[in-house]
Student: 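Have a look at the structure that comes next, please.
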Amino acid sequence: QEGWRIADFFSHIPESMHMFTFLLDDVGIPLNYRHMEGFGVHTFVLVNREGRETLVKFHWKPTCGVKCLLDDEAVQVGGQNHSHATQDLYDAIAAGDYPEWQLFIQ
């Protein structure tokens, strides 16, 4: 597949284009799970007491900040331990450094 054709396809579908640019950003290579943002792909409906519906999306932001790997770092870290993010999470919890995220609703 030619690169321009893929980009052309994504450019006509705004929802896909957002994910496409997100994947090509340095955010696509998280340092570990503790420093990674999260968000729901789906839209949810919240209903208040009066029965009014509101469409929402959920976002999780790590309280310790977002940290990413550069391409060269990702190759090195991934080559040494393909489960580095999981190992970091286990090690942090064992050391009493519990991960924490804030939940935001958009």
Side-chain angles (χ1 to χ4, degrees):
Q1 190 65 265
E2 298 173 33
W4 70 267
R5 293 180 70 192
I6 295 169
D8 182 62
F9 171 79
F10 283 121
S11 70
H12 293 288
I13 304 171
E15 304 83 23
S16 298
M17 190 60 174
H18 172 265
M19 181 57 74
F20 183 70
T21 57
F22 184 80
L23 292 174
L24 293 178
D25 193 355
D26 61 349
V27 177
I29 308 171
L31 175 64
N32 52 50
Y33 296 131
R34 295 182 300 128
H35 294 93
M36 184 171 73
E37 293 178 313
F39 60 91
V41 176
H42 301 290
T43 301
F44 297 91
V45 177
L46 294 182
V47 182
N48 67 12
R49 290 183 181 134
E50 290 78 34
R52 181 172 172 252
E53 296 180 351
T54 303
L55 298 175
V56 300
K57 294 190 70 82
F58 296 108
H59 297 266
W60 292 269
K61 305 284 184 182
T63 58
C64 60
V66 175
K67 294 183 182 175
C68 302
L69 295 169
L70 299 174
D71 288 342
D72 294 342
E73 294 170 327
V75 170
Q76 182 180 0
V77 170
Q80 292 172 352
N81 179 1
H82 70 278
S83 298
H84 72 279
T86 303
Q87 185 65 53
D88 172 78
L89 189 60
Y90 277 103
D91 292 346
I93 292 171
D97 184 14
Y98 300 103
E100 185 177 82
W101 292 265
Q102 291 181 313
L103 175 64
F104 293 89
I105 299 177
Q106 175 185 11

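Just so it is clear, the values below take in all heavy atoms, side chains as well, and ignore hydrogens, waters and symmetry mates.
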Student: Would Y98 end up clustered with Y33 when hydrophobic side chains under 4.5 Å apart are linked, directly or stepwise?
Tutor: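 Linked, Y98 and Y33 end up in one cluster.
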
Student: When rounded to the nearest 0.5 angstrom, what is the spacing between CG in N32 and NZ in K67?
Tutor: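 If I round to the nearest 0.5 Å, the distance is 8.5 Å.
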
Student: Check which hydrophobic residues are tied to W60 through side-chain heavy-atom contacts below 4.5 Å, counting indirect links as well, and list them.
Tutor: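 Under the 4.5 Å side-chain rule, W60 groups with F44, L46, V56, F58, W101, L103, I105.
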
Student: Taking T63 for its side chain and E100 for its backbone only, find out whether a donor-acceptor pair lies under 3.5 Å.
Tutor: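 It does hold such a pair.
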
Student: Applying salt bridge (charged side-chain N to carboxylate O under 4.0 Å, His left out), name anything that partners D91, two or more places apart in sequence or on another chain.
Tutor: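 D91 satisfies salt bridge (charged side-chain N to carboxylate O under 4.0 Å, His left out) with no other residue.
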
Student: So which heavy atom on P62 is nearest to which on V66, and how close?
Tutor: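 Nearest pair, atom of P62 first, then V66: CG-CG2, 4.0 Å.
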
Student: Just wondering, are more than 12 heavy atoms of other shown residues or ligands nearer than 6.0 Å to CG in D8?
Tutor: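 Buried by this count: over 12 neighbours within 6.0 Å.
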
Student: Does the side chain of H84 pick up a donor-acceptor pair with the side chain of D88 at under 3.5 Å?
Tutor: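 H84 vs D88: no donor-acceptor pair found between side chains.
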
Student: Looking at every non-hydrogen atom in both residues, tell me the closest pair between P99 and R34 and how far apart they are.
Tutor: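 Of all heavy-atom pairs spanning P99 and R34, the closest is CB-CG, 3.8 Å.
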
Student: Rounded at 0.5 Å granularity, tell me how far NZ in K57 sits from CD in Q106.
Tutor: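 Going from NZ on K57 over to CD on Q106, the span is 7.5 Å.
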
Student: To the nearest 0.5 Å, tell me how far Q76 CD sits from N81 CG.
Tutor: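 The CD atom of Q76 sits 12.5 Å away from the CG atom of N81.
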
Student: I want to check something: taking the side chain as every heavy atom from C-beta on, are P30 and H35 in contact at a cut-off of under 4.5 Å?
Tutor: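 With C-beta onward as the side chain, the pair stays apart.
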
Student: So, taking the atom named CD in Q87 and the one named NE2 in H82, what distance separates them when rounded to the nearest 0.5 Å?
Tutor: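 Answer for the CD-NE2 pair, Q87 versus H82, is 11.0 Å.
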
Student: Looking only at heavy atoms, which two atoms of R52 and N48 are closest? And how far apart?
Tutor: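 Closest heavy-atom pair between R52 and N48: N-OD1, 2.8 Å.
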
